Amino acid sequence: MRLSRYFLPTLKENPAEAQIASHRLMLRAGMVRQTAAGIYVWLPLGLAVLRKIEGIVRDEQKRAGAIELLMPTLQSADLWRQSGRYDAYGPEMLRIVDRHERDMLYGPTNEEMITDIFRGAVRSYRDLPRNLFHIQWKFRDEIRPRFGVMRGREFLMKDGYSFDLDVEGARRAYRKMFVSYLRSFARMGLKAIPMAADTGPIGGDMSHEFIILAETGESAVFCHRDLVDMPVPGDDIDYEADLTPVIDARTTLYAATDEKHDAAKFDADVPKDKQLSARGIEVGHIFFFGTKYSESMGALVTGPDGKETPVQMGSYGIGVSRLVGAIIEASHDDAGIVWPDAVAPFQVGLVNLKSGDAETDAACESFYDKLTARGIDVLYDDTDERAGAKFSNMDLIGLPWQLVVGPRGIKSGTVELKRRATGEKEELSPEAALAKIAG
RNA sequence: CGGGGUGUGGCGCAGCCUGGUAGCGCAAUUGCUUUGGGAGCAAUGGGUCGCAGGUUCAAAUCCUGCCGCCCCGACCA
């Protein structure tokens with residue numbers, strides 16, 4: 001993409017309404033624009049990141065055996081009356097009446113709808129297990145939207161639902177999602193820590209929040225320090241094998257958010273030098289809820305014994321749009337955003353230090369073509385801004401590599417390659433620079 | 001919803017107390033000079049001062065009501 005033809009409205013000054021780093025940087029880097037409290041336009045650069053995150057989540061869901069579908073944003077109130085949640089959900093649900101006076105709502109989540117879809121199609125245990133997910137916009141009329149896209153009212157969420165014949169099957173499904181989540185967040189360059197979460201009336205140990213550490217996190221968290229850098233299963237993970245060891249390695253060490261925190265237990269179980277008190281952002285939540293919806297909505301299957309039983313269900317959420325903000329909170333500096341490679345909107349920022357100079361232009365065009373041909377996303381700054389302005393802008397939008405091409409380097413047959421994360425700069429031959437970027 | 005703040009060109013702000021027909025910086029446009037970390041000079045364009053009502057000869061400024069947005073708290077991906 002050539003910057004001269006792109007749509008990247010960056011801001012030099014900090015917008016007054018943005019208090020936290022990610023919100024401020026997203027506005028300044030031209031990623032989003034607010035249209036109402038908690039509601040945002042995703043500008044091209046922001047959308048590019050959102051799609052990268054979405055892609056990783058989708059990829060890891062499929063790898064774990066989940067199947068994608070797409071449910072609508074608008075739902076009928078009748079469905080929610082069956083589960084009893086139409087009244088229970090409260091004012092956070094946006095209710096709408098259509099022209100025929102039918103009660104509708106803008107979906108805050110999809111348990112009812114997925115249960116309805118499932119019960120209409122599945123009758124036998126032979127069709128189990130299944131795990132269905134979608135990545136769809138949700139609306140929750142938050143009391144107080146804040147922190148930019150981190151707590152918006154309209155937000156993009158991956159929500160998945162598992163269906164099993166019995167509790168043991170549901171546990172297997174839960175473990176798969178647990179591991180899938182570890183992998184998803186790790187691929188985005190995040191260190192996510194699963195923490196025991198409130199299971200509500202169901203009870204048990206089958207609910208975890210995935211927390212990433214950040215000073216501006218909404219909740220206080222307490223955990224064993226070893227959890228932070230614990231290695232995550234690699235690409236060779238076999239989801240059909242026993243995943244219990246992976247989960248046990250994490251759940252046996254202390255980790256809790258403030259609502260579940262037990263200070264005495266924390267002190268007793270975790271050595272002083274391993275105690276970590278910090279703040280965290282919840283980016284995912286997995287939950288086993290048994291027959292809560294299948295019973296109230298009649299999602300029954302016939303078992304091998306010929307008897308009908310309600311299916312055992314779990315739900316699994318990832319805040320996709322929140323992750324954009326969360327990644328920035330975890331990865332930025334004074335100059336701007338520092339994108340992890342996997343979610344960067346472009347891999348390379350190609351900086352032409354003297355647009356209009358025939359030799360420099362030709363060298364840049366050559367890089368642009370070669371990188372593009374290798375499938376690498378390049379943002380080529382071909383504008384006639386001054387060098388300083390271009391550097392600042394590149395640092396702000398945080399692309400992993402900056403390839404700086406100017407007349408001075410061309411004379412000596414070199415270009416400058418800068419790694420945004422470390423600030424490290426190298427003078428390289430064009431070939432060496434290309435090789436390094438291509439990895 | 002309780003508490004606190006705020007609303008003035010695209011962005012950041014001053015002016016309001018003490019009413020007199022709107023100003024600064026950045027950005028934009030044009031020209032010249034500059035050109036390896038957010039350049040300089042000159043000129044130009046752009047604002048029903050959140051909305052509605054009231055007081056007054058006169059309202060961004062005073063009064064009343066409404067709305068938007070931000071921050072702190074209880075809830076949540």
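Below, read A as the first sequence line, B as the second, and so on, with proteins coming before strands; counting in each chain starts at 1. Fair warning: this is a prediction, and the values are worked out from it, not measured in the lab.
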Worksheet entry | Gap between atoms NZ and P, on A/Lys138 and B/A77 respectively (whole Å) | 12 Å
Discussion item. Side chain of A/Ala37 only, heavy atoms from C-beta on: which candidate in B/C26, B/C69, B/C72 is closest?
Written reply: B/C69
Worksheet item: Are the ring centres of A/Phe346 and A/Tyr6 closer than 6.0 Å?
Response: yes
Worksheet entry | Distance-only donor-acceptor check, side chains A/Gln402 and A/Asp395, under 3.5 Å | yes
Worksheet, complete the sentence: By the Watson-Crick or G-U definition, both distances under 3.5 Å, B/A39 is matched with B/U33
Discussion item. Does A/Glu68 have more than 12 heavy atoms from other residues, nucleotides or ligands lying within 6.0 Å of its CD?
Written reply: yes
Response to the item:
Among the nucleotides B/C69, B/G38, B/A77, whichever has the atom closest to the side chain of A/Ala389 is B/G38
Discussion item. Pairing donors with acceptors under 3.5 angstrom, does anything connect the side chains of A/His332 and A/Ser22?
Written reply: no
Discussion item. Could you identify the nucleotide paired to B/A14, looking across every strand shown and requiring Watson-Crick or G-U wobble geometry with both distances under 3.5 Å?
Written reply: none
Fill in: Rounded P spacing from B/C63 to B/A59 in Å
16 Å
Worksheet item: Roughly how far apart, to the nearest Å, are B/C24 and B/G68 at atom C1'?
Response: 26 Å
Discussion item. Once you apply a heavy-atom cut-off of 4.0 Å, does A/Glu209 come out as touching a base, just sugar-phosphate, or nothing?
Written reply: nothing
Item to complete: Could you measure between the two C1' atoms, the one in B/C13 and the one in B/U56, and give it in whole Å?
Response: 30 Å
Response to the item:
As its Watson-Crick or G-U partner within any shown strand, both distances under 3.5 Å, B/G7 has B/C67
Discussion item. For A/Glu385 and A/Thr10, find the nucleotide of RNA chain B closest to each by heavy atoms; which residue's nucleotide sits nearer the 5' end?
Written reply: A/Glu385
Worksheet item: Think A/Arg386 has a side-chain N or O under 4.0 angstrom from the OP1 or OP2 of B/A39?
Response: yes
Worksheet item: Would you say a side-chain N or O of A/Arg144 is under 4.0 Å from OP1 or OP2 of B/C75?
Response: no
Discussion item. What's the closest nucleotide to the side chain of A/Glu13 if the choices are B/G73, B/C26, B/G37?
Written reply: B/C26
Discussion item. Measure CZ/A/Arg28 against P/B/C11 and give the value in whole Å, please.
Written reply: 15 Å
Worksheet item: With a 3.5 Å cut-off and just heavy-atom distances, do the side chain of A/Asn14 and the base of B/G12 make a donor-acceptor pair?
Response: no
Discussion item. Among B/A77, B/G12, B/G36, which nucleotide has an atom closest to any side-chain atom of A/Met157?
Written reply: B/A77
Worksheet entry | Contact list for residues 399-433 of chain A, test ring-ring contact (aromatic ring centres under 6.0 Å, His included), sequence neighbours left out | none
Worksheet item: Reckon A/Lys12 has a side-chain N or O less than 4.0 Å from the OP1 or OP2 of B/A27?
Response: yes
Worksheet item: For atom P, what is the distance between B/U33 and B/A14, given to the nearest Å?
Response: 39 Å
Worksheet item: Would the number of heavy atoms belonging to other residues, nucleotides or ligands and lying under 6.0 Å from CG of A/Asn14 be above 12?
Response: yes
Fill in: Whole-Å C1' distance, B/U61 and B/G19
6 Å
Fill in: Distance between C1' atoms of B/G9 and B/G46 (Å, rounded)
6 Å
Discussion item. Would you measure the distance from the P atom in B/U8 across to the matching atom in B/C70 and give it in whole Å?
Written reply: 14 Å
Discussion item. Regarding A/Val320, tell me which of base, sugar-phosphate or nothing describes its non-hydrogen contacts under 4.0 Å with the strands shown.
Written reply: nothing
Worksheet item: Atom CD1 of A/Ile211 and atom C1' of B/A77: how far apart are they, to the nearest Å?
Response: 11 Å
Response to the item:
Rounded to whole Å, OH of A/Tyr89 lies from P of B/C76 at a distance of 9 Å
Worksheet item: Between A/Asp258 (CG) and B/G73 (C1'), how many Å, whole number?
Response: 14 Å
Worksheet item: Is the aromatic ring of A/Phe391 within stacking range of B/G38, meaning centres under 5.5 angstrom and planes under 30 degrees?
Response: no
Discussion item. Quick check: do A/Leu156 and A/Glu54 have side-chain heavy atoms less than 4.5 Å from each other?
Written reply: yes
Discussion item. Side chain of A/Arg146 only, heavy atoms from C-beta on: which candidate in B/C70, B/A77, B/G73 is closest?
Written reply: B/G73
Practice prompt. Select base, sugar-phosphate, or nothing to describe what A/Gly406 touches, counting heavy atoms under 4.0 Å on all strands.
Written response: base
Worksheet item: Between A/Arg140 and A/Pro407, which is nearer to the 5' end of RNA chain B once each is assigned its nearest nucleotide?
Response: A/Pro407
Discussion item. Set out, in order, the CA-CA distance, both residues' side-chain angles and the distance that settles side chain to side chain contact (heavy atoms under 4.5 Å, CB included) for A/Val348 and A/Leu379, then state yes or no.
Written reply: CA-CA 6 Å; A/Val348 182; A/Leu379 182 63; over 6 Å; no
Discussion item. What's A/Pro9 touching, base or sugar-phosphate or nothing? Going by heavy atoms closer than 4.0 Å.
Written reply: nothing
Response to the item:
Whole-Å distance, A/Leu11 CG to B/A28 P, equals 12 Å
Worksheet item: Base, sugar-phosphate, or nothing: which does A/Ala18 touch, judged by heavy atoms less than 4.0 Å apart?
Response: nothing
Fill in: Pairing nucleotide - B/U61, Watson-Crick or G-U, each distance under 3.5 Å
none
Discussion item. Categorize A/Gly409 for me: base, sugar-phosphate, or nothing, with a 4.0 angstrom heavy-atom threshold over every strand shown.
Written reply: base
Practice prompt. Would you classify A/Gly152 as touching base, sugar-phosphate or nothing, given that sugar-phosphate means primed atoms plus P, OP1 and OP2, and contacts are heavy atoms under 4.0 Å?
Written response: base
Discussion item. Checking contacts here: which listed nucleotide (B/G36, B/G37, B/A74) is nearest the side-chain heavy atoms of A/Ile143?
Written reply: B/A74
Fill in: Closest listed nucleotide, where the reference is the side chain of A/Ala16 and the choices are B/G36, B/G37, B/G12
B/G12
Worksheet entry | Atom C1', compared across B/G38 and B/C76: separation rounded to whole Å | 40 Å
Worksheet item: Considering every strand shown, what is the Watson-Crick or G-U wobble mate of B/G46 when both distances are under 3.5 Å?
Response: none
Fill in: Separation of atom CD1 in A/Ile318 from atom C1' in B/C76, rounded to whole Å
17 Å
Practice prompt. Go ahead and name the base partner of B/C1; Watson-Crick or wobble counts if both distances stay under 3.5 Å, otherwise write none.
Written response: B/G73
Discussion item. Measuring to OP1 and OP2 of B/C70, would you say a side-chain N or O of A/Gln34 lies under 4.0 angstrom away?
Written reply: yes
Worksheet item: Going by heavy atoms in the side chains, are A/Trp42 and A/Arg33 under 4.5 Å from each other?
Response: no
Practice prompt. Find the distance A/Glu17:CD to B/G50:P and express it as a whole number of Å.
Written response: 17 Å
